[in-house]
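What follows is one structure encoded as structure tokens, with my remarks underneath.
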Amino acid sequence: MAMTADGKIATANRVVHSLGSRRDLRHLYELRATADAVMCGARTVEISNTILSNGGESFRQQRLKTGLAEFPLRVIASGSGSINPDADIFKSTFSPIIVLTTKRASAKKLAELRKLGAEVKICGQTEINFPAAMRWLRTKWHVKRLLCEGGGELNAGLFFEGLVDETHLTICPKILGGRNAPTLAEGIGFQRLADAEDFQIQSIKLFQGELFTVFSR
Ligand SMILES: NC(=O)c1ccc[n+]([C@@H]2O[C@H](COP(=O)([O-])OP(=O)(O)OC[C@H]3O[C@@H](n4cnc5c(N)ncnc54)[C@H](OP(=O)(O)O)[C@@H]3O)[C@@H](O)[C@H]2O)c1
């Protein structure tokens, strides 16, 4: 995730979604090249129009060398099953697309997603049961390492369940402000400090004005 100095990951109107430099984008591709699967929330898929590709030929080669598939498996979280069918991700077929959803999604929505080529997995009644979803991804799709690329709402679900082993956070020297601008972890949040997810700072690197940090458990 790329975050401003005031902790925002996008503008309040969600329109600005690219905060980091080219080096930061490369870092994202480097991380993708280590993952069996990449995952985004429904709003990020729609707004950023990401297709969750492998980042190009050199990363494709790197994946193959380390025994990964040419392209990562693509996972979208959408409890309501409402993802804009015109999103770019549905126009690319280089790897399977999996939509994690819940019983809230109507039969019509599920049928639409299947028609777009996605495999749909219902995990939970109203909220995605992420531990169950992760177990299913591991068993059915052999996902051992999953890279979550946000946004804040999806991140919160994973943090809340204690499912995040490592966080790569690029701090960009900008202040966006906006009380409604999304942050790294949205949701309802923990109410007590004692419940907060604890991480250790594993590394920090200042490179051309951006701070590349890694937090791990
Ligand atoms: N700076 C960065 O590095 C970075 C990275 C990624 C995204 N972003 C930005 O962040 C913004 C989007 O973030 P966001 O927090 O608004 O949205 P988001 O996390 O991308 O997507 C939220 C949606 O994902 C689904 N979802 C997430 N958690 C769920 C759960 N536990 N159970 C069921 N469904 C769940 C829901 O979809 P349904 O409503 O369909 O049920 C929810 O509305 C965009 O502006 C994007 O560009 C920035």
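Whatever order the structure lists ligands and atoms in, that order sets their numbers, starting from 1.
Residue Gly41 approaches ligand 1 through these ligand atoms, each under 4.0 Å from one of its heavy atoms: 18 (P), 20 (O), 21 (O), 24 (O). If you number the atoms of ligand 1 from 1 as listed, the ones under 4.0 Å from a heavy atom of Ala10 come out as 9 (C), 45 (O). Close approach to Gly79 involves these atoms of ligand 1, each under 4.0 Å from a residue heavy atom: 33 (C), 34 (N), 37 (O), 38 (P), 41 (O). Within ligand 1, counting atoms from 1 as listed, the ones closer than 4.0 Å to a heavy atom of Glu153 are 15 (O), 19 (O), 22 (C), 28 (N).
Scanning all protein heavy atoms for the shortest distance to atom 47 (O) of ligand 1 gives His17 CB, 2.7 Å. Protein heavy atom at the shortest distance from atom 18 (P) of ligand 1 is Gly151 N, 3.6 Å. Scanning the protein heavy atoms around atom 17 (O) of ligand 1, the nearest turns out to be Arg43 CB, 3.4 Å. The protein heavy atom nearest to atom 30 (C) of ligand 1 is Glu127 OE1, 3.5 Å. With hydrogens left out, the protein atom closest to atom 44 (C) of ligand 1 is Ile47 CD1, 3.9 Å, a heavy atom. If you check which protein heavy atom lies closest to atom 46 (C) of ligand 1, you get Thr44 OG1, 3.9 Å. Closest to atom 16 (O) of ligand 1 among all protein heavy atoms lies Arg14 NE, 3.2 Å. Of the protein's non-hydrogen atoms, the one nearest atom 40 (O) of ligand 1 is Ser78 OG, 2.6 Å.
Of the listed options Ala42, Ala12, Ala105, Ala2, Ala42 places a heavy atom closest to atom 23 (C) of ligand 1. Around atom 26 (N) of ligand 1, the closest heavy atom drawn from Ala185, Ala181, Gly150, Ala77 belongs to Ala77.
A donor-acceptor pair under 3.5 Å is absent between the side-chain atoms of Thr167 and the main chain of Phe215, judged by distance alone. Looking only at distances, a side-chain donor or acceptor of Arg32 sits under 3.5 Å from a matching main-chain atom of Ser53. Within the 3.5 Å criterion, the main-chain N or O of Glu70 finds a donor-acceptor partner in the side chain of Asn54. Using a distance-only test at 3.5 Å, with no hydrogens or angles considered, no donor-acceptor pair links the side chain of Thr44 to the main chain of Cys40.
An N or O contact shorter than 3.5 Å is missing between Leu19 and ligand 1 by distance. Checked against a 3.5 angstrom limit, the closest N/O atoms of Pro182 and ligand 1 fall outside it. Between Phe130 and ligand 1, no pair of N/O atoms sits closer than 3.5 Å. The shortest N or O to N or O distance between Ser48 and ligand 1 is not below 3.5 Å. Taking any N or O of Ile128, backbone or side chain, at least one lies under 3.5 Å from an N or O belonging to ligand 1. Between Thr102 and ligand 1, no pair of N/O atoms sits closer than 3.5 Å.
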Evaluation steps, side chain to side chain contact (heavy atoms under 4.5 Å, CB included), between Leu31 and His168: CA-CA 9 Å; Leu31 284 170; His168 289 247; 3.6 Å; yes
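Under 4.0 Å is where a charged nitrogen must lie from a carboxylate oxygen, and between Arg23 and Glu30 at least one such pair does.
In this structure, Arg104 CZ and Thr102 OG1 are separated by 4.5 Å, a value rounded to the nearest 0.5 Å. Rounded to the nearest 0.5 Å, atoms CD (Glu149) and CG (Asn155) are 10.5 Å apart.
Phe160 has its ring centre no less than 6.0 Å from the ring centre of Phe130.
Ser95 and Arg74 share a donor-acceptor pair across their side chains, judged by distance under 3.5 Å alone.
Contact annotation: for Glu149 versus ligand 1, heavy atoms closer than 4.0 Å belong to the backbone alone.
For Gly157, the heavy-atom gap to ligand 1 stays at 4.0 angstrom or more.
Linking Ile, Leu, Val, Met, Phe, Trp and Tyr residues whenever their side-chain heavy atoms come within less than 4.5 Å leaves Val45 and Leu137 in two separate clusters.
Among all heavy-atom pairs drawn from Glu46 and Ile83, the shortest one is OE2-CA, 3.4 Å.
Heavy atoms from other residues, nucleotides or ligands lying under 6.0 Å from NZ of Lys144 number 12 at most.
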